[in-house]
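Just so you know, ligand 1 is whichever comes first in the structure, and atom 1 is the first atom listed for that ligand.
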Amino acid sequence: MTSSRLTIATIPGDGIGNEVLPAATRVIDHAAAQSGVSIDWNWLDWGCDYLVANGSMMPSDGIDRLSQSDAVFLGAVGRPDVADHESLWGLLIPIRRAFDQYVNLRPVRQFEGVPVRVTIPSEARIDMVIVRENTEGEYSELGGRFGRGTDREFAIQENVFTRTGIERVATYAFEQAQSRRSKLTSATKSNGIIHTMPFWDEIVDEVAARYPSIATRKVLIDALAAELVQRPHDFDVIVASNLFGDILSDLAAATVGSLGIAASANLDPERRYPSMFEPVHGSAPDIMGKGIANPIAAIWSGAMMLDHLGHTEISDRIMAAIDDTLASPATRTADLGGTSDTEGVTTAVISALGAS
Ligand code: GGG
């Protein structure tokens, strides 16, 4: 049943996460109130500052505490004086894994008025979703560093691809394709990666056999990167491993403007655990504190969260307000060729939503 009172564990994290997440919660509060929904934002100060003060990115009972909420809303992770793998593996990745958020859904679409960065036919529109496997693949803890500091030092990093892991993410992607334009592209590298990628292809083929109406292609990741620049409007659903999906989604977001409008959902489609919603971008220390970060990726991620929690009508209204806001350079940030800032864009989205 859809609840009219939501509890959201809210982790701004680091850098511009502390600017875009408060902006997004203001928009969501406004839109939710218009529909009689109220949100308890449970603000958590976890991240790199917490690490420096306490020795870990989140408390030892952090996952238990998050499990009490309807969803997790995350800003950004990373600080220049903290090793990136320490910050990521101390907060973001443990949450994805503890809650088996095996789908990382990353929509990419062109907004009216926002110039695209690539040349496409005038009647074409870029509108795709990237379904990234989110719990295994190249993101694995298996391996190690050996002979540290010696001239025989080496590192081993094992990839982990399981039948269950590939099958479930591929099934999710085919279901997405079925509800969209019935085209699916699977990112592979089965010419160069001898074990895991042929296995990926084999299982994607098995799942494809259950969806005969979906036009399916397997494309080598290098060729796919080029196609995404040359013909991004031809893509509908892309399914990819953890690393490939991460790279492709940044590339695809750049074609429609910038990472500042790249939203994402870390989903447990079976709803056994809370799902987590976050802008794709990181903490952007180069612009933090300047008030110029684009809040749209966080706001859109918040809209995805409401949709996941059954409040599709509120989510749709937020998306319509984003459409209105992005249409004019006066209410866009500089990464999209605009003249506004975080505050200006946030108030513009709230005003596009109309009075309470
Ligand atoms: N929005 C959270 C964040 O900081 N993401 C940046 C990042 O490096 N993410 C890695 C990943 O998604 O695997």
Side-chain angles (χ1 to χ4, degrees), residues 8-25 44-51 57-58 66 71-99 101-108 129-141 157 159-160 165 169 187 238 240-254 258-267 275-288 293-305 335 342:
I8 306 296
T10 313
I11 313 171
D14 305 312
I16 63 166
N18 292 289
E19 299 166 41
V20 297
L21 226 64
T25 59
L44 299 163
D45 63 347
W46 305 346
C48 288
D49 289 352
Y50 188 94
L51 168 75
M57 291 287 288
M58 63 174 154
L66 297 179
V72 181
F73 198 25
L74 177 81
V77 181
R79 208 172 89 169
D81 59 336
V82 174
D84 284 336
H85 63 275
E86 263 188 63
S87 52
L88 220 58
W89 280 88
L91 187 64
L92 179 61
I93 294 178
I95 299 172
R96 287 177 179 164
R97 286 169 191 228
F99 296 145
Q101 296 164 346
Y102 64 85
V103 168
N104 192 201
L105 188 64
R106 295 182 161 192
V108 174
V129 292
I130 294 174
V131 178
R132 167 191 180 190
E133 200 295 315
N134 210 29
T135 53
E136 54 177 53
E138 304 87 348
Y139 279 47
S140 137
E141 278 176 291
Q157 176 80 48
N159 294 347
V160 176
V169 77
I238 298 177
S241 65
N242 211 329
L243 178 64
F244 289 175
D246 191 35
I247 296 169
L248 289 180
S249 50
D250 280 30
L251 172 55
S258 92
L259 264 186
I261 51 170
S264 83
N266 300 272
L267 299 174
S275 290
M276 175 167 63
F277 300 81
E278 48 153 340
V280 170
H281 63 69
S283 57
D286 54 329
I287 58 162
M288 74 174 269
N294 192 339
I296 295 292
I299 298 170
W300 187 355
S301 304
M304 293 175 82
M305 178 168 74
D335 55 312
T342 313

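Across all their heavy atoms, Phe73 and Ala298 have their closest contact at CZ-O, 3.4 Å.
The salt bridge (Lys or Arg N to Asp or Glu O under 4.0 Å) check on Asp81 picks up Arg79, with sequence neighbours excluded. Take Ile287 and apply the side-chain contact (heavy atoms from CB on, under 4.5 Å) test, not counting sequence neighbours, and it matches Ile16, Ala284, Ile292, Ala293. In this structure, the ring pair (Phe, Tyr, Trp, His ring centres under 6.0 Å) partners of Phe277, at least two apart in sequence or on a different chain, are His308.
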Chi angles and distances behind the side chain to side chain donor-acceptor pair (under 3.5 Å) call for Thr135, Glu133 = CA-CA 6 Å; Thr135 53; Glu133 200 295 315; 2.9 Å; yes
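Protein neighbours of ligand 1 below 4.0 Å, counting non-hydrogen atoms: Gly75, Ala76, Val77, Leu88, Leu92, Arg96, Arg106, Arg132, Tyr139, Asp246, Glu278, Pro279, Val280, His281, Gly282.
The CD atom of Glu136 lies 8.5 Å from the CZ atom of Arg97; values are rounded to the nearest 0.5 Å.
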